[in-house]
Protein chains: 2
Amino acid sequence: MPQKTNKISCEECTTTSCFVKKTNPQWLAKISEFKNQVVYPKGQYIFSEGSPVFGAYFIQSGDVKIVSSSFSGRQNIVRLAKNGHMMGHKGVAKENYPVGAVALNDARVCFLNNELLYDAFLNNTHFTIEIMMFYSKELRKSEMRNKFFAQMTTDEKVAYAIVYAGEIVGQKNNKGQIMITLSRQELAQIAGTNAEQVSRTISHMKNDGLLSLDGRCICIESLPEMYNLLSEYEQFI
Amino acid sequence: MPQKTNKISCEECTTTSCFVKKTNPQWLAKISEFKNQVVYPKGQYIFSEGSPVFGAYFIQSGDVKIVSSSFSGRQNIVRLAKNGHMMGHKGVAKENYPVGAVALNDARVCFLNNELLYDAFLNNTHFTIEIMMFYSKELRKSEMRNKFFAQMTTDEKVAYAIVYAGEIVGQKNNKGQIMITLSRQELAQIAGTNAEQVSRTISHMKNDGLLSLDGRCICIESLPEMYNLLSEYEQFI
DNA sequence: CGTGCTTTTGAATAGTATCAAGGCCGGTGG
DNA sequence: CCACCGGCCTTGATACTATTCAAAAGCACG
């Protein structure tokens, strides 16, 4: 169950990349006062597919996966998000955009309802512009992903999923290498394939010395070589 | 070659959905004065892949395809755009986002340079918010497209490409049916497949009475049945 | 009326998903 | 502490879909 702990105010929050930090001081205080904050434990749904969202979520700490499942039951990871990222914003129109958000580890998340958010947009030009830029960049990445996924082999898609996961939710071990704790199934849901293919690709890469395994945990041995596999597609990570 | 004709000012422009219309009257006049306007004939590049873009383009009339080709030479249509749409905006950061825009028919396009644009953002809150919403919606569509393309069959992707093309660049004939003049190759570049598969799928659909052909031009006989093919994916068009 | 490009259709090939079985690991209870 | 159980992971065999290659037909252009 989500835990209500003491709320960490925007003034004392150390997540410098959070968009809310772009508002002016009095608005930062106002948002800090009216925002809702919850700590979600690992595996917990922050919001579910299908249920309407009346505001936006800003991640203060922790990692989150944004998922979307089709009626045939297949689930898909739309993107990964970490501190400073924004999610759940639907604009004004209540379109049907069935995504849910699940905490990958304990995640502290702030919620701003639509009234507060829209008011903030109207009174904080730089805040609005920053969020516009964020969407613009994400759109570009998504379009590139679209384009490249149409021509990548499965191996390349899996390589992409591993590198992408490493960037957002990877943790450095004592050698400075990036460790990824996502399951094969979750990587498959990023790459748009199935767990078996992910497993096969990981085996190949292990034999080639690009990765090593620590139990089920994936360790990237050679990040440059991983990028090299994706060199044809380098624009979109 | 692009033609410089008499500029149609923002005040006399009839494209009501253009974002520039969201600015206040004095800014509308200012943008109208400082914007650059060019009429591009069919097939002409409005901007090319690789060359940096120092502003944003707003389509006043005509249709445009946004293309992106990979180093292996495969070209891909990222999206289609028509009057009222915005394109080419890169935000502030000069990232590498190699897309080009090609006129599908004679297209009248307005260009606003970054200084003018950014100044307009700072002084027209509603303008900025509208563009933010636009990107937000486009991002959602792109993510849905990503998700569904990972699980659609080629036939379904082609059906999507035809319906999508019909929505944006389709023209009604005297029976009220939608006609599409894109080539098989172009449809393949939307669907993420090749011209042969598009041709096969079109043949199937012709046999099933969903489409008819007028020379090379595709005519949608039964739009409901086309949508029906995509009913599992209906969120994202 | 020919030339070149697009479209259509067929056949061969390659790649990927699916199905199935066995192995590994962590957790639980005796 | 050990045995068992269940879930995740790995690997192989098979079937199928889609891409590629190739060739013929159709259409538009000079």
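The sequence lines fix the lettering, A, B, ..., with proteins before strands; numbering per chain opens at 1. Worth saying up front: this structure is predicted, and the values here are computed from it rather than measured.
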request  = May I ask you to decide if the ring planes of B:Y57 and B:F111 are parallel, tilted or perpendicular, using 30° and 60° as cut-offs?
outcome  = tilted
[X] side-chain N/O to [N] phosphate OP1/OP2 under 4.0 Å:
X: A:N194; N: C:dT18; answer: yes
X: A:Q197; N: C:dA17; answer: yes
X: B:T154; N: D:dA18; answer: yes

Starting at [atom1] of [X] and ending at [atom2] of [N], how long is that distance when rounded to a whole Å?
X: A:Q189; N: D:dC8; atom1: CD; atom2: P; value: 12 Å
X: A:R184; N: D:dC8; atom1: CZ; atom2: P; value: 12 Å
X: A:Q185; N: C:dA17; atom1: CD; atom2: C1'; value: 13 Å
X: B:E186; N: C:dT6; atom1: CD; atom2: P; value: 10 Å

inquiry  = Of the options D:dT20, D:dC9, C:dT16, whose atoms approach the side-chain atoms of B:R74 most closely?
reply    = D:dT20
task = Remember a base hit wins even if backbone is also touched, and classify B:S199 as base, sugar-phosphate or nothing at under 4.0 Å, heavy atoms.
result = base
request  = Just call it for B:L213: base, sugar-phosphate, or nothing, with non-hydrogen atoms closer than 4.0 Å on any strand.
outcome  =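 Touches sugar-phosphate only.
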Between the protein and nucleotides 12-15 of chain D, are there any N/O to N/O pairs under 3.5 Å, and if so, what are the atom names and distances?
{"residue": "D:dG12", "atom": "N7", "partner": "A:R200", "partner atom": "NH1", "Å": "3.0"}
{"residue": "D:dG12", "atom": "O6", "partner": "A:R200", "partner atom": "NH2", "Å": "3.2"}

Could you pull out all donor-acceptor pairs under 3.5 Å where a side-chain atom in residues 176-188 of chain B meets a protein atom, sequence neighbours excluded?
{"residue": "B:Q177", "atom": "OE1", "partner": "B:N173", "partner atom": "ND2", "Å": "3.3"}
{"residue": "B:Q177", "atom": "NE2", "partner": "B:E221", "partner atom": "OE1", "Å": "3.0"}
{"residue": "B:S183", "atom": "OG", "partner": "B:Q185", "partner atom": "N", "Å": "3.4"}
{"residue": "B:S183", "atom": "OG", "partner": "B:E186", "partner atom": "N", "Å": "3.1"}
{"residue": "B:R184", "atom": "NH1", "partner": "B:R216", "partner atom": "O", "Å": "3.2"}
{"residue": "B:R184", "atom": "NH2", "partner": "B:R216", "partner atom": "O", "Å": "3.4"}
{"residue": "B:E186", "atom": "OE1", "partner": "B:S183", "partner atom": "N", "Å": "3.0"}
{"residue": "B:E186", "atom": "OE2", "partner": "B:K65", "partner atom": "NZ", "Å": "2.7"}

inquiry  = Using heavy-atom distances to pick each residue's nearest nucleotide on DNA chain D, tell me which of A:A150 and A:V198 is more 5'.
reply    = A:V198
query = If the sugar-phosphate is the primed atoms plus P, OP1 and OP2 and the base is the rest, what is the B/S/- string for nucleotides 25-30 of chain D, using protein heavy atoms under 4.0 Å?
reply = -BB---
